[in-house]
Every structure is written in structure tokens, then in C-alpha cells.
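Scope of the values below: all heavy atoms of this structure, side chains included, with no hydrogens, waters or symmetry mates. All ligand and atom numbering here is 1-based and tracks the order in the structure.
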Amino acid sequence: MKLQVAIDLLTTAAALELAGNVAEYVDILGLGAPLIKSEGLPVVSAVKKAHPDKLVLADVQTMDAGELEANLAFAAGADLVTVLGVADDATIAGAIKAAAECDKGVIVDLIGVADKVSRARQVRALGAKYAGMHAGLDEQAQPGFDLARLLRFGEDAGVPFSVAGGVKLTTITDIQQAGADVAVVGGSIYGATDPAQAARKLRGAVMWLPVPRT
Ligand SMILES: O=C([C@H](O)CO)[C@H](O)[C@H](O)COP(=O)(O)O
């Protein structure tokens, strides 16, 4: 299972500092939608330039103009982009077309999708690299939020998937055992007193767990 840090900070300087502190422990540097809205796509270029050996994900959460927005992010240096699962199939297909032309990837984020299991299968058939089982920050803040439901959706879908939604050291084991391909961790890393130590511990937990499936 890969580990992705979700950098939901608001300045390029802060993003570069965090990336510098945690890059050795993560596989994917995810640049959050708030960061990209604040700083624009140059933040993608800056992080990729500083970490050419890492996968850089532009979490643009595209809802329309999939091919155009994906091409913009890829041109800025992104290896991976996100498109929303609630978008039209044509939007998702457009982003996937752009990715195929430059050997990059599209993750379809299922935030806000009612039937995540069916949609995960559909977007995988369209060519998504994996489906994002994602409970956003606002959903996490609601009473009764349950990460275990997301994991069940991922297991039931039977396609490659990531999990995002308040993932932390005490839940990352469950995520790996559910068969997730990527665990996405935001606040538990960037909000920690020592982000590098938090990322190192998460990496350690991932490394020492058995891989549940191929
Ligand atoms: O995608 C996210 C959210 O929409 C804000 O951009 C977060 O990066 C994602 O939820 C992971 O962050 P945490 O939930 O803080 O781990």
C-alpha cells in the first residue's frame, strides 16, 4: 500500500517545507484543492521541481472540462490528477484521455457519490487508475461519521482504491487490511507537532503489515 500525504496548506512556502520534511516517508505528495486554489498550478511545478523522484498528485477535483484541466495540471508537473466521480462520464473520460497521452494517471474521487461501489466499478472501466473512497473534511466533522463504511465500499467494489478521510496511525492498519492501494493522510501529518515523526510512524505501520492481496 502506498502512503500519500495530503498537503492542505495554503502557501507554496508551507507546502515546500512540509514536503521537505515528510517526502522520505511517503510515496505520493498530494497537493490539496485549497492549496491549488490559493497558489495556482505553479505550486505543482515548485513541488515537483523540489521532489522529482516523488509522484506528485494535483488534487484539482475536476468537475467539468476534464481533458483541459488534466492537461493543465500535467503540464505543470503533476503525475496524477483527481476528477470528481459525480462529474459526467465525458469529463472523466476526457481527463483519462489526457493522462493516456502523457503516461500519467487519473484518480476519480468519490466524495459525494451516493453509490460508491457501483461508481467505483464504472470509473475503473472508464480507465481510472483507482477510485478514491473519500469522506471530506466537512463530512468527517458530522456526527456519526464512520471510516469503516468507506473501507467496506472499497472491499465491495473489487477495484483498486484509495482511502481518505481523517486517516491516522490508529486506523491505517484497518485501511491496509481492507486492501486499499493508497492511504491518504492530511491533518494527521500536517497538523502534528512533528509532521516528520508522524509520517515516519505511519510509514512504519504500513511497512510492517502483511500485504493482503496482489
Ligand atoms: O481531499 C481532502 C479534502 O477534500 C480537502 O482538500 C483531504 O486532503 C483529505 O480528506 C485528506 O485529509 P484528512 O482528512 O485531513 O486526512
Side-chain angles (χ1 to χ4, degrees), residues 1-12 14-15 18-19 21-22 25-41 43-44 47 54-63 69 73 78 80-87 105-113 116 120 123 128-151 153-154 161-176 178 180-203 205-206:
M1 183 174 77
K2 285 188 167 65
L3 183 59
Q4 174 182 325
V5 60
I7 303 180
D8 285 325
L9 303 173
L10 295 180
T11 68
T12 300
L18 181 68
N21 286 333
V22 306
Y25 305 116
V26 303
D27 305 289
I28 303 172
L29 297 168
L31 307 181
L35 174 64
I36 293 174
K37 285 173 183 168
S38 174
E39 295 287 65
L41 288 171
V43 68
V44 176
V47 171
K54 292 289 165 184
L55 290 170
V56 170
L57 178 146
D59 193 7
V60 285
Q61 301 181 353
T62 290
M63 185 62 192
E69 290 202 5
L80 303 164
V81 299
T82 57
V83 179
L84 295 178
V86 292
V106 173
I107 289 81
V108 177
D109 183 336
L110 301 182
I111 189 170
V113 170
K116 288 181 170 47
V123 301
K129 195 171 175 68
Y130 50 89
M133 296 296 170
H134 180 198
L137 303 178
D138 296 337
E139 185 181 342
Q140 292 171 42
Q142 289 170 25
F145 166 65
D146 181 13
L147 181 68
R149 284 186 72 225
L150 277 185
L151 302 187
F153 295 150
F161 67 101
S162 62
V163 176
V167 177
K168 50 194 172 205
L169 193 56
T170 53
T171 53
I172 199 150
T173 303
D174 297 337
I175 291 162
Q176 186 159 5
D181 297 84
V182 179
V184 180
V185 187
S188 292
I189 293 178
Y190 67 74
T193 312
D194 184 342
Q197 187 185 55
R200 185 177 57 77
K201 286 182 178 174
L202 286 157
R203 165 57 67 198
V206 169

Pull out every atom of ligand 1 sitting under 4.0 Å from any heavy atom of Q140, numbered as shown with elements. 10 (O), 14 (O)
Below 3.5 Å, N or O to N or O, backbone or side chain included: is there any such pair between V184 and ligand 1? no
Suppose I only count heavy atoms of G166 and a 4.0 Å limit; which atoms of ligand 1 are within that range? 13 (P), 14 (O), 16 (O)
Considering only heavy atoms of Q61, which atoms of ligand 1 have at least one such atom less than 4.0 Å away? 1 (O), 4 (O)
Contact region, D109 to ligand 1, non-hydrogen atoms below 4.0 Å, reads neither
Judged by non-hydrogen atoms, does G187 sit under 4.0 Å from ligand 1? yes
Determine whether Q176 and V206 make a side-chain contact, defined as any pair of heavy atoms from C-beta on separated by less than 4.5 Å. yes
Looking only at non-hydrogen atoms, find the nearest pair between L3 and Y25 and report the distance. CD2-O, 3.6 Å
Given L29, V60, L31, the one that forms side chain to side chain contact (heavy atoms under 4.5 Å, CB included) with V44: L31
Are any of the N/O atoms in G186 less than 3.5 Å from those in ligand 1? yes
Criterion side chain to side chain contact (heavy atoms under 4.5 Å, CB included) against P34, the qualifying member of L10, L137, D59: L10
Under 3.5 Å, is there a donor-acceptor pair between the side chain of K116 and the main chain of L110? yes
Is there a polar contact, in the sense of an N or O pair closer than 3.5 Å, between A6 and ligand 1? no
Could you tell me if the side chain of Q61 sits less than 4.5 Å from the side chain of I111, heavy atoms only? no
Distance from atom 7 (C) of ligand 1 to nearest protein heavy atom, with residue and atom: D8 OD2, 3.2 Å
Please examine the side chains of V108 and V106, heavy atoms only from C-beta on, and report whether any two atoms are closer than 4.5 Å. yes
Are side-chain heavy atoms of V184 and V167 found at a separation under 4.5 Å? no
Part of L137 within contact of ligand 1 (heavy atoms, under 4.0 Å): side chain
Indicate yes or no: at least one non-hydrogen side-chain atom of M1 is less than 4.5 angstrom from one of I172. yes
Please list the nearest protein heavy atom to atom 9 (C) of ligand 1 with its residue and the distance rounded to 0.1 Å. H134 NE2, 3.5 Å
Using a 4.0 Å heavy-atom cut-off, say whether P34 meets ligand 1 through its side chain, its backbone, both or neither. side chain
Between ligand 1 and S188, is the shortest N or O to N or O distance under 3.5 Å? no
Considering only heavy atoms of D59, which atoms of ligand 1 have at least one such atom less than 4.0 Å away? 1 (O)
